[in-house]
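Have a look at the structure below before the remarks.
All of these numbers come straight from a predicted model, not from anything done at the bench. Start at 1 and go down the list; that is how both ligands and their atoms are numbered.
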Amino acid sequence: MPELNALEPEEIQKGLESARLGKRIHYFPELDSTNQYAFHLAKAGGEEGEVVIAECQTRGKGRLGRSWFSPPGLNLYLSVVLKPRLPPAQAPRLTLMAAVALAETVQSFLGAPPAIKWPNDILVGGKKLAGILTESSSGAERLDFVVIGIGVNLNLPESALPEEIRATATSLLMLTKKAVDRAAFTRELIRSLDRCYGELEERGFPGIAGRWEAFFELKGRRVRVEMGDRQLGGTARGIDADGALIVEEEGGALTRVIAGDVIPLEP
Ligand code: BTN
């Protein structure tokens, strides 16, 4: 008999009714990284929609070579394999699609909309609740597969946060003061990803981009963008058809940002 809040596949799949995602869930008490596992799975012929979940990650990966804090039993660490018929340059659309699915799921559990920080950090009250790391493999013309990795702080108490992220991270428990049913959250997230992926495929990017922008609080605000050893300052204007961030620099030049960290310069 699984405990009420367990993340076992059978519990997540109860009433899932998705078109493609989550028909097969690979569940592990511990993994180095669910993205790493899903990447190898996809390479070895894993199918579209297969999901990998771990209770804990020993080498959870974050964006830009960072690590992702992944203690056992409290949060969600999930990766899903997608095989879209898209050229490699359109891979960022999938990351933004996942950010919309995640933001909408968070909203339904929180009762209020979170903010998306470009490209895909989910923030509440300026603190990070969830992140997405997309990794892909592609030929010249088409993506072979994409792994979308999602980490969400669910039942993480403030006391369990390491010092270095205490000021910048939050969890649903910290925000609502109530424990979340992790299986229910995971089911809703897979359902939401399945729906948004279908919409992207059938109707293209504009609808998803519009929903993404509704969560984008930095639109029209002054930002600094850090791109390795380069920096850029200006006003965040939104995203383009490829999902790149458009920043209007002083003097009016519009610059596309493909990868980097966005830091707000005003409250
Ligand atoms: C970020 O830096 O904001 C992205 C964090 C992504 C973390 C998730 S947890 C599940 C999946 N497996 C990983 O190793 N990373 C992603």
Heavy-atom neighbours of E226 CD exceed 12 at 6.0 Å: yes

How far is atom 8 (C) of ligand 1 from its nearest protein heavy atom, and which residue and atom name does that atom have? G151 N, 3.5 Å

With backbone taken as N, CA, C and O and side chain as the heavy atoms from C-beta onward, which portion of R66 lies under 4.0 Å from ligand 1: side chain, backbone, both, or neither? neither

For T34, the ligand 1 atoms whose distance to one of its heavy atoms is below 4.0 Å: 10 (C), 11 (C), 12 (N)

Checking heavy atoms under 4.0 Å, the part of K128 that sits near ligand 1 is side chain

What part of S70 sits under 4.0 Å from ligand 1 if we count only heavy atoms: the side chain, the backbone, both or neither? neither

Hey, is ligand 1 close enough to Q57 that some N/O pair sits below 3.5 Å? yes

Take atom CZ of R24 as the centre, draw a 6.0 Å sphere, and report whether it contains more than 12 heavy atoms from other residues, nucleotides or ligands. no

Students should be able to answer this: which protein heavy-atom is nearest to atom 5 (C) of ligand 1, and at what distance? W68 CE3, 3.4 Å

If you measure from CG on D181 to CZ on R187, what distance do you get to the nearest 0.5 Å? 7.0 Å

Using the ring of each side chain (for Trp, its six-membered ring), is F145 parallel, tilted or perpendicular to F39, with breaks at 30° and 60°? perpendicular

Output the distance between atom CG (L193) and atom CD (E104), rounded to the nearest 0.5 Å. 10.5 Å

We want to know whether N120 and T95 form a side-chain donor-acceptor pair, criterion being a heavy-atom distance below 3.5 angstrom. no

Enumerate the atoms of ligand 1 whose separation from the nearest heavy atom of G60 is less than 4.0 angstrom. 14 (O)

S79: numbered ligand 1 atoms lying under 4.0 Å from its heavy atoms: 11 (C)

Donor-acceptor pair, K23 side chain versus S18 backbone, under 3.5 Å? yes

Ion pair K219/E213, N-O distance below 4.0 Å: yes

Between T235 and E248, do the side chains contain a donor N or O and an acceptor N or O under 3.5 Å apart? no

What part of I150 sits under 4.0 Å from ligand 1 if we count only heavy atoms: the side chain, the backbone, both or neither? backbone

Counting each atom of ligand 1 from 1 as listed, which ones have a heavy atom of R63 under 4.0 Å away? 1 (C), 2 (O), 4 (C)

Identify, by atom number and element, the atoms of ligand 1 in contact range of L78, meaning under 4.0 Å from any of its heavy atoms. 10 (C)

Which residue supplies the protein heavy atom nearest to atom 15 (N) of ligand 1, what is that atom called, and how far is it? K61 O, 2.7 Å

Ligand-side contact atoms (ligand 1) for residue partner D121, heavy atom cut-off under 4.0 Å: 3 (O)

Please work out whether any backbone atom (N, CA, C, O) or any side-chain heavy atom from C-beta onward of I132 is under 4.0 Å from ligand 1, and answer side chain, backbone, both or neither. backbone

Between R256 and D240, is there a side-chain N and carboxylate O pair less than 4.0 Å apart? yes

